[in-house]
Structure formats: structure tokens, C-alpha cells
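Heads up: the structure comes next, in C-alpha cells.
Model, not experiment: these values are computed from the prediction.
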Amino acid sequence: ECTKADNSETRLYSPAAYIINGNTDGKIKLTKTFEGYEEGEAPNGVSLSGIQFKLQYYDENEGTKKFLQDGQGNDITATTDANGYATSENIPYGEYYLYEVTKFDNYIGIDNLQIIDVLPGQTINYTVENKIKRGKIEISKIWEDTNDQQGIVEFKLERQNAENEDLPYTVTVRTDKDTGIATAENIPYGTYKITEIRGKDGWYTAAAEDIAPITINSSNTGYAKIT
């Protein structure tokens, strides 16, 4: 996704390919942001300083992408300052792909290429925003008499910690009356405390201390069985 904020800035939710038309070298000014935070702010434990970007171009002769290099054969790298700003100067005209070198555990790297036309010699201003990685948690309600479809039960999920732990997240889900499974989808990565907040008449709700926290990340879709 790529939306135009005004005549001078393009907000990117993905890496971008841009074209500098004409024979004048261009300049790229980057602003780094994270979903849920204003410009100049970063998630807990994450620094806006030292985030690196490189430029790639497509080498038609070799049929592959290469990093743009300076006269000494070093990759041209733009590194953010304490406020999340970075600049690449004296970029030859052409078509390039913006590549984010720095990775974050709980944020999606920029992807899905966009092409942007730029006037000769124009300074390109990009705001690059990383979206929060999200997954799902499935909770299966188990009943003492082995009949797993006794009725609808509600659970509250509260995120306890994550890379962006200062961004709270709480959701309430209900079990499906036919399957006995409650699903929380599109929730941020992290570790969640699960509390049964509404049970069925005649049945005890699960004690909070008996429900282990559950973690979702890139290698784990959360799944819990609760009696």
C-alpha cells in the first residue's frame, strides 16, 4: 500500500521502487515510523537510531538485483539518527528498490514493491512505517463429562509482554456453540494471559492460576485447552 500524504511526501507501508527522471542525481530523505506510534517515537526497547536502508537496482545483463554502491565498491547505506531520519545523496537517476536492512521481531519488514515517478533532481521524502506482526489464538473449552459442547463461554486475552509491550492489547472472545472453540484473530504478537470471564450455569469457571499464558510469534500459533 502506498498513499500520497501531500505533494512532497509519500507514506510507504512497503519497500518502494522509485524512478529519477533526467540526468540530475537525486536525494532520498527517509523518516522511520512504527504502527501505533507518532513520528519520533519508537516501541519500548527499540531505538530509532541506527536503522539501516540500502538501495537495490535490477541488473538487466545479469538478470538479478544488486545493491547500489559508491565509487569504492561499498554498498550505499542510509542510517537513521536518533529521531528516525536518514538521507542518501548523489543517487544516479534510475529505478531503485528501497531495502530495509534492520529487522524487528514483532514488526513486518517492508515488502510489496511500489513504483514512484520523481522529477529530475527532486528530493524524495519517504515515511516508512512498519506494521505490527499479527497472528491468532485458538482456545478449546473442555468439559469434565467429556462433552465438549456444553455451551458458550467467554474468555479475555490480555497481552503481558512483547517488543511493543507499551502498546496494550485486550480482546474478548466467545466459544462457538457447535465446536466449543474460541478464536482470536489478527492480534499482535506477544504473550497473553487468558481469563475465563463467563462460564455456563452449573459449572465452575477455570481458575485463572490454572491457565498458563500463551505466546504467539512467527513460529507459533497459540492454542490452548481449558477445562
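Across all non-hydrogen atoms, the minimal contact from I108 to I132 is CD1-O, 4.0 Å. Between A42 and L48, the closest heavy-atom pair is CB-CG, 3.8 Å. When every heavy atom of E185 is checked against every heavy atom of K136, the shortest pair comes out as CA-CB, 3.8 Å. When all heavy atoms are compared, the tightest approach of D70 to I76 is N-CG1, 3.8 Å. The minimum heavy-atom distance linking Y189 with R159 is given by the pair O-NH1, 3.2 Å.
Distance CD/Q160 to NZ/K193: 6.5 Å, rounded to 0.5 Å. Residue K133 holds its NZ atom at 12.0 Å from CD1 of I216, rounded to the nearest 0.5 Å. Rounding to the nearest 0.5 Å places CD of E35 at 6.0 Å from CD of E129. Going from atom CG of L55 over to atom OH of Y97 covers 12.5 Å, rounded to the nearest 0.5 Å.
Of the possible donor and acceptor atoms, none in the side chain of E138 sits under 3.5 Å from a partner among the backbone N and O of T183. One N or O on the side chain of T102 and one on the backbone of Q52 form a donor-acceptor pair closer than 3.5 Å. A donor-acceptor pair is defined here as one N or O able to donate and one able to accept, closer than 3.5 Å; no such pair exists between the side chain of D75 and the backbone of T77. The backbone N or O of E38 sits less than 3.5 Å from a side-chain atom of E41, completing a donor-acceptor pair.
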What's the verdict on side-chain contact (heavy atoms from CB on, under 4.5 Å) for E158 and T195, showing C-alpha distance, side-chain angles and the deciding distance? CA-CA 8 Å; E158 301 172 274; T195 305; 4.3 Å; yes

Determine, stepwise, if the pair I194 / I214 fulfils side-chain contact (heavy atoms from CB on, under 4.5 Å). CA-CA 8 Å; I194 302 175; I214 192 165; 3.7 Å; yes

Stepwise side-chain contact (heavy atoms from CB on, under 4.5 Å) check, Y192 with T215: CA-CA 6 Å; Y192 286 80; T215 299; over 6 Å; no

Step by step, work out the side-chain contact (heavy atoms from CB on, under 4.5 Å) result for Y99 and F53. CA-CA 6 Å; Y99 179 85; F53 295 88; over 6 Å; no

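With Y57 as the aromatic partner, K54 does not meet the cation-pi criteria of under 6.0 angstrom to the ring centre and within 45 degrees of the ring axis. With Y85 as the aromatic partner, K29 does not meet the cation-pi criteria of under 6.0 angstrom to the ring centre and within 45 degrees of the ring axis.
The only member of T87, T80, L98, I51 that meets side chain to side chain contact (heavy atoms under 4.5 Å, CB included) when paired with L30 is L98.
I137 has its side chain within reach of I187: a pair of non-hydrogen atoms, C-beta onward, lies under 4.5 Å apart. With contacts defined as side-chain heavy-atom distances shorter than 4.5 Å, the pair Y37/P43 qualifies. Looking at heavy atoms from C-beta onward, E39 lies in side-chain contact with T31 at the 4.5 angstrom threshold.
Aromatic ring centres of Y107 and F34: separated by under 6.0 Å.
Counted by atom type alone, N74 and Q69 present zero donor-acceptor pairs between their side chains at under 3.5 Å.
Applying the ring-ring contact (aromatic ring centres under 6.0 Å, His included) rule to Y58 yields no partners; only residues at least two apart in sequence or on another chain are considered.
Sparse packing is recorded around NZ of K156, with 12 or fewer heavy atoms of other residues, nucleotides or ligands lying under 6.0 Å away.
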